[in-house]
Amino acid sequence: SIPTSAGADTEQLLEEQHARSVLRERFLRCLLAMSNKKVHFRMHEKVNVEATFGASDIDVLNFQVSDLHTPIGVQKEALIRCHDVISLTFEV
Amino acid sequence: MQCGWLQSGPQLWLSCVHRQVMVKAQGEEHRGWLLTVDPVSRSVVLLDLRAEGASVRVVMGHAVEHVEVLQEADQETLERIRSFFVPQETLSLDP
């Protein structure tokens, strides 16, 4: 997590915390909208995989997915390390 | 603003929400309307509006190299962007 600005006055701190909470809530709602959807992952080394999105852990370090279509077969359940992912897309 | 994106704080990120941005990550460029930036992972969420519906792209924070603000949204686009991921009404606890 990114630390809040050190030495800032209270008002500045409140504004920053408000901005963080608005941004974080929007991100969590986006993750919620993603659950049970087909998600396309772009990973390092030009690897592209598709899976049904399940959930993310709180620090966004791992994604839990189902039916992961990999170049060597389909994995029924899997955890994807977020650091291996460059971007992911889904339709709404 | 552009080069300091990763170091800049949540207030600047929030001020860029609903604007069209270009995100560079691992040699690829992605354009879209900025929905949010996760303050924990710094992941950037972009919305690509279609005639019907939209495509959402999440660029993971560790992969983001460069972010550039391109333009503001007009009123119609703004309303469409705002209509995504709105919270459902909170259930009233009054009898």
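In what follows, chains carry the letters A, B, and so on, assigned in the order in which the sequence lines appear, proteins first and then strands, with residues in each chain numbered from 1. Treat the numbers as computed from the prediction; the structure is a model and nothing was measured.
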Q: Identify whether B:Leu12 and A:Val22 are in the same connected component of the hydrophobic contact network (ILVMFWY, side-chain heavy atoms under 4.5 Å).
A: yes

Q) How long is the span from the CZ atom in B:Phe85 to the CD atom in A:Glu25, to the nearest 0.5 Å? A) 13.0 Å

Q) Looking at CG of A:Leu31 and OG of B:Ser43, how far apart are the two atoms once the value is rounded to the nearest 0.5 Å? A) 8.5 Å

Q. So how far is it from B:Ser41 OG to A:Arg24 CZ, rounded to the nearest 0.5 Å?
A. 7.0 Å

Q.
Working note: B:Glu28 + A:Arg42, criterion side chain to side chain contact (heavy atoms under 4.5 Å, CB included); need CA distance, chi angles, decisive distance, verdict.
A. CA-CA 11 Å; B:Glu28 289 188 358; A:Arg42 291 185 78 86; 2.6 Å; yes

Q.
Strictly distance-based, threshold 3.5 Å: is any side-chain N or O of A:Arg26 a donor or acceptor partner for the main-chain N or O of B:Leu35?
A. yes

(Q) Would a single hydrophobic cluster contain both B:Phe84 and A:Met34, if residues Ile, Leu, Val, Met, Phe, Trp and Tyr are joined by side-chain heavy-atom contacts under 4.5 Å? (A) yes

(Q) Just so I know, are the side chains of B:Met60 and A:His83 near enough to count as touching, which here means a heavy-atom distance under 4.5 Å? (A) no

Q | Side chain / backbone / both / neither for B:Val45 at chain A, heavy atoms under 4.5 Å | A | side chain

Q: Indicate, with yes or no, if B:Leu46 and B:Val17 share a hydrophobic cluster defined by side-chain heavy-atom contacts under 4.5 Å among Ile, Leu, Val, Met, Phe, Trp and Tyr.
A: yes

Q.
Shorter than 4.5 Å, heavy atoms on both sides: which option in A:Val92, A:Ile58, A:Thr89 has the most such pairs with chain B?
A. A:Val92

(Q) Is there a path of hydrophobic side-chain contacts, each under 4.5 Å between heavy atoms, that joins A:Leu68 and A:Ile86? (A) no

Q | B:Val23 versus chain A, the contacting section by heavy-atom distance below 4.5 Å | A | neither

Q) How far apart are the C-alpha atoms of A:His18 and B:Gln11, what are their side-chain angles, what is the distance that settles it, and do they pass the side chain to side chain contact (heavy atoms under 4.5 Å, CB included) test? A) CA-CA 9 Å; A:His18 175 256; B:Gln11 279 154 297; over 6 Å; no

Q. Considering residues, nucleotides and ligands other than A:Arg81, do more than 12 of their heavy atoms fall under 6.0 Å from its CZ?
A. no

Q) Between B:Thr36 (side chain) and A:Leu23 (backbone), is there a donor-acceptor pair under 3.5 Å? A) yes

Q: Considering only heavy atoms and a distance below 4.5 Å, find which of A:Glu91, A:His40, A:Glu15 pairs most often with chain B.
A: A:Glu91

Q: With rounding to the nearest 0.5 Å, note down the distance linking CG in B:Leu14 to CD in A:Glu16.
A: 11.5 Å

(Q) Any heavy-atom pair between the side chains of B:Val40 and A:Phe27 that's under 4.5 Å? (A) no

Q: Flag yes if more than 12 heavy atoms outside B:Glu76 fall under 6.0 Å of its CD atom; otherwise flag no.
A: no

Q.
Does B:Arg31, at its CZ atom, have more than 12 non-hydrogen atoms belonging to other residues, nucleotides or ligands within less than 6.0 Å?
A. no

Q.
Please check if the number of heavy atoms outside A:Asn36 that lie under 6.0 Å from its CG is greater than 12.
A. no

Q: Please answer: with hydrophobic residues joined when any side-chain heavy atoms are less than 4.5 Å apart, are B:Val58 and A:Ile80 in the same cluster?
A: yes

Q) Closest approach of A:Ser87 and B:Arg57, non-hydrogen atoms and distance? A) OG-NH1, 3.1 Å

Q: Name the orientation class of the two ring planes belonging to B:His62 and A:His44 (parallel below 30°, tilted from 30 to 60°, perpendicular beyond 60°).
A: tilted

Q: Assess whether side chain to side chain contact (heavy atoms under 4.5 Å, CB included) is satisfied between A:Val60 and B:Asp38, documenting all intermediate values.
A: CA-CA 9 Å; A:Val60 199; B:Asp38 177 33; 3.5 Å; yes

(Q) Looking only at heavy atoms and a cut-off of under 4.5 Å, which of B:Val37, B:Asp48, B:Val56 has the most pairs with chain A? (A) B:Val56

